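Quick note on labels: first sequence line is chain A, next is B, and so on, each numbered from 1. Keep in mind that this is a model prediction, so the values were computed, not measured. Side chains included, hydrogens not; waters and symmetry mates left out as well; all remaining heavy atoms used.
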Protein chains: 2
Amino acid sequence: MLDPLSRQLPLLDQPPRERSDAARNREALLAAAARLVEEQGVDAVTMDSVATEAGVGKGTVFRRFDSREGLMGALLNRSETEWQALVISGPPPLGPGAPAIERLHAFGHSRMELNLTHAELIRAAGRAGSRSYSAVSFAAMHMRYLLSELGVRGDLHFLATALLAPLEMVVLVQQTRVDAIPLDSVKAGWDDLVRRVVCPEVNRPV
Amino acid sequence: MLDPLSRQLPLLDQPPRERSDAARNREALLAAAARLVEEQGVDAVTMDSVATEAGVGKGTVFRRFDSREGLMGALLNRSETEWQALVISGPPPLGPGAPAIERLHAFGHSRMELNLTHAELIRAAGRAGSRSYSAVSFAAMHMRYLLSELGVRGDLHFLATALLAPLEMVVLVQQTRVDAIPLDSVKAGWDDLVRRVVCPEVNRPV
DNA sequence: GGCACAAACGGACCGTAGTCCGCTTATATT
DNA sequence: AATATAAGCGGACTACGGTCCGTTTGTGCC
């Protein structure tokens with residue numbers, strides 16, 4: 001039985017628990033969408049096909065995920081969460097335990113791979129893609145932490161954004177697919193950018 | 001009369017001149033689209049309304065611009081071209097005549113303003129937006145030129161991309177609209193990034 | 001168990017992007 | 001001027017994202 005106070009002051013509460021049928025349908029829809037992506041590619045994920053595949057009505061898909069972009073975002077969110085766990089508590093050098101500079105390089109490389117792997121999905125997710133608020137804010141927060149560990153001075157908020165920006169999917173796709181630059185060269189370029197930003201000479205105490 | 005050779009070897013030729021009615025319709029469509037954007041915002045620019053407004057059929061809009069994104073891209077292309085002209089031959093510090101470092105700062109600031117001004121249009125243009133090949137390659141080329149003038153060593157191709165990336169609309173919108181950072185702070189942050197990249201100590205001859 | 005009600009459901013419906021194909025017209029040639 | 005032909009044209013048609021609202025169902029309370 002729920003605490004009666006929770007019922008009376010719902011605004012102070014967690015939003016009320018999701019109804020069981022709703023939860024079941026959400027899982028079924030995510031599973032159906034993931035399967036469609038796997039088997040037929042992102043373009044085959046229409047709201048109708050996902051609904052049919054999950055055995056629910058179309059309205060339900062929109063109720064759960066608001067829009068196609070929202071559905072794609074939810075799909076992305078799963079791997080984003082796994083990745084964040086690796087950064088927070090996975091093995092070094094991505095996870096804790098390695099020197100900050102190594103973690104920083106591993107962070108960038110790993111993010112590039114993640115964004116390229118999910119390029120189609122990120123594109124389909126639009127605003128809900130890699131620039132969703134939670135994804136951006138986690139990455140930026142971690143980046144600021146690593147930069148401060150390295151003694152970088154300046155506007156860490158902006159510097160984090162600036163180092164993250166070339167890891168965005170649109171930029172990576174341009175470089176690796178349009179300009180046909182090997183991924184390793186892109187990584188090396190980013191490493192050089194990092195070197196310049198953390199360079200001791202430009203971070204002299206004022 | 002055309003050179004007979006041109007008729008016989010069309011592959012060596014410029015693509016045949018656009019038919020006069022086609023050219024007229026293209027202008028009418030661009031004008032109609034620009035007017036709709038101006039008066040009612042980007043969302044009001046549906047392919048039907050543009051066609052009606054220009055007094056042509058819907059199929060004609062698609063024939064000329066392939067897609068809604070293509071139409072938006074064509075609209076953007078006009079201001080992009082004007083901007084490129086300013087960079088190439090406009091007044092300093094954006095145009096030639098100022099020291100390279102000042103031109104670089106002006107370049108970044110100007111690009112930010114341009115991208116923010118056209119944020120809606122760029123979003124609606126999707127792939128045809130600010131990352132269209134011609135826009136990206138012009139900006140990158142100019143950036144490489146300025147960096148080389150400044151004696152920057154390293155992978156100029158990547159460094160140009162890295163300095164351009166934080167000027168992308170999605171990043172700027174995140175910073176100025178979501179995080180509510182004043183544009184001047186963003187500019188200052190970018191200036192600092194530039195300082196680090198062109199810093200003499202990190203560009204010592206090997 | 002029975003009741004009340006908010007939440008969830010589903011599918012008909014709407015607007016828009018994009019396709020298709022038979023008709024029209026500009027242009028080059030004679 | 002007449003003709004041939006490729007390019008252009010237009011609007012009916014399809015598919016998909018998104019909305020709406022009458023119906024169903026899970027949940028907490030008695």
Side-chain angles (χ1 to χ4, degrees), chain A residues 1-8 10-11 13-29 32-33 36 40-73 123-128, chain B residues 1-8 10 13-29 32-33 36 40-74 123-128:
Chain A
M1 182 184 181
L2 284 180
D3 173 10
L5 197 61
S6 303
R7 299 282 88 204
Q8 289 165 12
L11 291 180
D13 214 357
Q14 296 294 92
R17 206 168 76 255
E18 192 174 40
R19 244 169 65 168
S20 61
D21 53 347
R24 205 177 338 111
N25 282 339
R26 199 186 54 237
E27 286 311 307
L29 286 165
L36 283 170
Q40 304 185 54
V42 172
D43 288 348
V45 184
T46 68
M47 299 307 258
D48 279 302
S49 67
V50 173
T52 303
E53 199 74 8
V56 304
K58 187 179 182 178
T60 303
V61 190
F62 281 93
R63 166 168 292 271
R64 284 276 88 71
F65 301 104
D66 292 332
S67 65
R68 185 170 187 270
E69 295 193 353
L71 174 60
M72 298 302 185
R123 174 154 294 159
R127 313 161 182 266
Chain B
M1 182 184 180
L2 284 179
D3 173 10
L5 197 59
S6 303
R7 298 283 87 204
Q8 289 166 13
D13 215 357
Q14 295 296 91
R17 205 169 78 254
E18 191 174 40
R19 245 168 64 168
S20 62
D21 52 348
R24 206 177 336 112
N25 283 339
R26 197 186 54 233
E27 286 312 307
L29 286 165
L36 283 169
Q40 306 185 53
V42 172
D43 288 348
V45 184
T46 68
M47 299 306 259
D48 278 301
S49 66
V50 173
T52 304
E53 199 74 9
V56 304
K58 187 180 182 178
T60 302
V61 191
F62 281 92
R63 165 168 294 271
R64 284 276 89 69
F65 300 105
D66 292 333
S67 64
R68 184 169 188 271
E69 295 193 353
L71 174 59
M72 299 302 185
R123 180 158 317 211
R127 315 160 180 265

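The side chain of A:Thr46 lies closest to D:dC16 when the candidates are C:dA26, D:dC16, D:dG26. The side chain of B:Arg64 lies closest to D:dC9 when the candidates are D:dG17, C:dG10, D:dC9. Taking every side-chain heavy atom of B:Phe62 into account, C:dA17 is the closest of C:dA17, C:dC9, C:dA6. Side-chain atoms of B:Arg63 lie closest to D:dG8 of the nucleotides D:dG8, C:dT27, D:dT27. Of the candidate nucleotides C:dG11, C:dG18, C:dG10, C:dG10 has the atom nearest to the side chain of A:Val56. Distances were taken from every side-chain heavy atom of B:Lys58 (C-beta onward) to each of D:dG10, D:dA12, D:dG8; the shortest belongs to D:dA12. For A:Arg19, counting side-chain heavy atoms from C-beta on, the closest listed nucleotide (C:dA8, C:dA12, C:dG10) is C:dA8.
A distance of 8.0 Å separates CZ in A:Arg68 from CE in A:Met47, rounded to the nearest 0.5 Å.
Residues B:Ala54 and B:Leu29 share a closest heavy-atom pair of CB-CD2, 3.6 Å. The shortest non-hydrogen separation linking A:Leu36 to A:Ser49 is CD1-OG, 3.6 Å.
If you take CD of A:Gln40 and C1' of D:dC16, they are 16 Å apart, rounded to a whole angstrom. Counting to the nearest Å, the C1' atom of C:dA17 and the CG atom of B:Leu71 are 12 Å from each other. One atom, CG of B:Asp48, and another, P of D:dC13, lie 15 Å apart when rounded to the nearest Å. One atom, CG of A:Asn25, and another, C1' of C:dC9, lie 8 Å apart when rounded to the nearest Å. Distance A:Arg24 CZ to D:dT27 C1': 14 Å, rounded to the nearest Å. Protein atom CG of A:Asp66 is 11 Å distant from nucleotide atom C1' of D:dG18, rounded to whole Å. The separation between A:Leu29 atom CG and C:dC9 atom P is 9 Å, rounded to whole Å. Between A:Met47 atom CE and C:dA12 atom P there is a gap of 18 Å when expressed in whole angstrom units.
Residue whose closest nucleotide on DNA chain C sits further toward the 5' end, between B:Ser20 and B:Glu69: B:Glu69.
Proximity of B:Phe65 to B:Arg26: side-chain heavy atoms (C-beta onward) are separated by under 4.5 Å at one or more points. By the 4.5 Å heavy-atom criterion applied to side chains, B:Arg24 and B:Asp21 are counted as neighbours.
Using a 4.0 Å heavy-atom criterion, one finds that A:Arg68 contacts the sugar-phosphate atoms exclusively.
Of the side-chain N and O atoms in B:Thr60, one or more sit less than 4.0 angstrom from OP1 or OP2 of D:dG10.
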